[in-house]
2 protein chains.
Amino acid sequence: MQSALEISGDEELTERQKDVLNAVLRLLVEEGDRLTMTAVARRASCSKETLYKWFGDRDGLLTAMVQWQASKVRVAQVDRSRLDKSSLSASLERYASDWLHVISSDTSIALNRVAIAHAGEEKRNLGAIVLENGRLAMGRRLKPVLLAGRDAGLLEFDDAEQAFRTFFGLVARDVQIRLLLGDRLKPTDAEIGQDAADATRQFLALYGARNGAAKSGL
Amino acid sequence: MQSALEISGDEELTERQKDVLNAVLRLLVEEGDRLTMTAVARRASCSKETLYKWFGDRDGLLTAMVQWQASKVRVAQVDRSRLDKSSLSASLERYASDWLHVISSDTSIALNRVAIAHAGEEKRNLGAIVLENGRLAMGRRLKPVLLAGRDAGLLEFDDAEQAFRTFFGLVARDVQIRLLLGDRLKPTDAEIGQDAADATRQFLALYGARNGAAKSGL
DNA sequence: CGAGAACCGTAACGTACGGTACGGTAGTGG
DNA sequence: CCACTACCGTACCGTACGTTACGGTTCTCG
């Protein structure tokens, strides 16, 4: 048994419940927000009564699924020891590549779509959950790397948040919005690798030390 | 009278019909995709019968509204004569500022939300309409400016599309996705001006001529 | 003025779907 | 064996909302 109103996501979910949430996710990728409770029950081979007992209502089911997925977002951590120019560059490139893979995935697209559709609602704001565990979590993870790079004299910036946002822009560009709007873009692994390398090179050109010409305005 | 299936958007719309679509837009900003035909009729002071006669069905109404709005997206055109470093910079900054204003507006957010929610549907793909008249239209308008800048020896790049996408990333960064997900961000005019100036400066640092260190990878 | 079109306001229809109830089965514990 | 729990499958209920129908008003045109 499980209270219908959990906050943190993955805690206390049984395997069976995760199976159900997986079914929800698959259905969401296929059908978008039009999925029905009946379809979920059939796909997960469970009864609607169970769905309502576990998750409260339709919104609770979607929220649980989004929280559960959000709790799984993990991007490679970087060891901040022995930071030199090439290891910093490699870390940034790794981040960029991971991030591009995430936002290009079917599940991320489906999740962001449903979160955007339900953004700004009073209770159970899916947009806030996805925002917190997507874009904002990325910022929290990358910022220490940027600060370490500055401490090591490899980067120059005043505001780590501004620097991160620039990096974000150079990496993501128009990819996410185009995919969300249904553009058939789907970059290949090779393209993602290339884009990550380009973005990293551009970021270092703008914020790398010994490049006074390109210092950010802030 | 009007066929329910128009393609290009603003043609053949009477003032009264535009009033109705304006009501739809206002309602969409307030309520999102949950707006009902009854609410539209009440807000627009028209009968549901009229709505159905003019627009066919609910989807047709939303499509007409999105097309109509899309047909209104116009960003300042730049005169390509007398292109020098400062006029190019001013043009880019103007573009960046206009674009940030657009994507920060309530109507753009509402429109993109509904388009994303309905993206990838078979018929009447709102995502495609918004994509075509938003991001892609921006690209078509800015590319000639970039090419003119290259012809004038002010910019260096191989692929105008790649250069534009970088500019797009530097300008938009995480603003659009955050707003779509419900983040209270709402940059002020002053912030937009600052961001536009920063993005332009960064873009010129990367792609401006006489800056060999920062050439794009492609 | 009369006929008809265009439209408003509202009542009515049909249905899809969220949510509930209930009977049936398997497992568990005493 | 009995009581109990947890669950499946399905039938069922209530309602919101898309869609249609219709009576009444205004306007145009002859």
Side-chain angles (χ1 to χ4, degrees), chain A residues 1-6 12-28 30-66 113-114 117-118 121-126, chain B residues 1-6 12-28 30-66 110 113-114 117-118 121-124 126:
Chain A
M1 180 84 80
Q2 168 105 354
S3 160
L5 294 171
E6 287 292 347
E12 308 288 338
L13 284 178
T14 67
E15 286 308 309
R16 181 78 180 105
Q17 286 170 329
K18 291 179 185 173
D19 289 345
V20 171
L21 294 184
N22 257 325
V24 173
L25 179 57
R26 275 184 296 136
L27 225 35
L28 198 71
E30 295 170 20
E31 313 235 335
D33 206 357
R34 285 152 296 184
L35 61 75
T36 68
M37 298 298 278
T38 303
V40 170
R42 191 160 43 222
R43 177 70 67 101
S45 295
C46 72
S47 71
K48 292 212 285 179
E49 190 177 30
T50 301
L51 291 181
Y52 283 99
K53 183 155 61 171
W54 284 349
F55 303 106
D57 57 11
R58 185 179 189 275
D59 235 39
L61 178 62
L62 289 179
T63 304
M65 194 273 291
V66 168
R113 280 195 181 140
V114 70
H118 291 204
E121 290 177 6
E122 301 305 323
K123 48 153 204 170
R124 306 248 181 95
N125 189 336
L126 297 185
Chain B
M1 179 87 79
Q2 168 104 355
S3 160
L5 293 170
E6 286 293 344
E12 310 286 340
L13 284 179
T14 66
E15 285 307 309
R16 181 76 180 108
Q17 286 171 330
K18 291 179 185 174
D19 288 345
V20 171
L21 294 183
N22 256 325
V24 174
L25 179 57
R26 275 184 296 136
L27 225 36
L28 198 72
E30 295 170 21
E31 313 237 333
D33 206 358
R34 287 152 295 183
L35 62 76
T36 67
M37 296 300 278
T38 303
V40 170
R42 192 159 41 225
R43 176 69 67 100
S45 295
C46 72
S47 72
K48 293 212 266 179
E49 189 178 32
T50 300
L51 291 181
Y52 283 97
K53 183 156 61 172
W54 284 349
F55 303 106
D57 57 10
R58 184 179 190 276
D59 234 40
L61 178 62
L62 288 179
T63 305
M65 194 273 291
V66 169
R113 279 192 181 145
V114 69
H118 290 205
E121 291 177 6
E122 301 304 324
K123 48 153 205 167
R124 306 244 181 99
L126 297 186

(request) Would you mind reading off the distance between A:L61 atom CG and C:dG19 atom C1', rounded to a whole angstrom? (result) 13 Å
(request) Give a yes or no on whether a donor-acceptor pair under 3.5 Å exists between the nucleobase atoms of D:dT10, that is its base, and the side chain of A:K48. (result) no
(message) Nearest whole Å is fine: how far is D:dC17 P from B:L27 CG?
(response) 12 Å
(message) Does C:dC7 have its OP1 or OP2 closer than 4.0 Å to a side-chain nitrogen or oxygen of B:T50?
(response) no
(request) Taking the side chain as every heavy atom from C-beta outward, state whether B:D33 and B:R113 have any atom pair closer than 4.5 Å. (result) no
(request) Among B:V20, B:V24, B:T63, find the one that has a side chain to side chain contact (heavy atoms under 4.5 Å, CB included) with B:F55. (result) B:V20
(message) Expressed as a whole number of angstroms, how long is the span from B:E31:CD to D:dC17:C1'?
(response) 13 Å
(message) Would you say A:W54 places a side-chain N or O within less than 4.0 Å of OP1 or OP2 belonging to D:dA6?
(response) no
(request) Counting heavy atoms from C-beta on, name the nucleotide in C:dG18, C:dC8, C:dA6 closest to the side chain of B:K53. (result) C:dA6
(message) Expressed as a whole number of angstroms, how long is the span from A:R43:CZ to D:dG9:P?
(response) 15 Å
(request) Check whether any side-chain N or O of B:R34 sits under 3.5 Å from a backbone N or O of B:E31 as a donor-acceptor pair, and report yes or no. (result) yes
(message) Within the 4.0 Å heavy-atom criterion, would you say B:T38 contacts the bases, only the backbone, or no part of the nucleic acid?
(response) nothing
(message) Need to verify one output field. Residue with the more 5' nearest nucleotide on DNA chain D, B:M37 or A:L51?
(response) A:L51
(request) State which of C:dG19, D:dT19, D:dC17 makes the closest approach to the side chain of B:T36. (result) D:dC17
(message) On DNA chain C, does the nearest nucleotide to B:S47 precede the nearest nucleotide to A:L35 from the 5' side, or the other way round? Give the residue.
(response) B:S47
(message) How close do A:A41 and A:K48 get, counting heavy atoms only, and between which atoms?
(response) CB-CG, 3.9 Å
(message) With hydrogens left out and only the distance checked, is there a donor-acceptor pair under 3.5 Å joining A:E49's side chain and the base of D:dC7?
(response) no
(request) Round to a whole Å and report the spacing from CG of A:D33 to P of C:dC17. (result) 12 Å
(request) Could you state the atom-to-atom distance from CZ of B:F55 to C1' of C:dC7 in whole Å? (result) 14 Å
(request) Can you spot which of A:V66, A:L35, A:L21 makes a side chain to side chain contact (heavy atoms under 4.5 Å, CB included) with A:L61? (result) A:L21
(request) Starting at atom CZ of B:R42, determine the distance to atom P of D:dC17, rounded to an integer number of angstrom. (result) 11 Å
(message) Below the 4.0 Å mark, does C:dC8 have OP1 or OP2 next to a side-chain nitrogen or oxygen of B:R16?
(response) yes
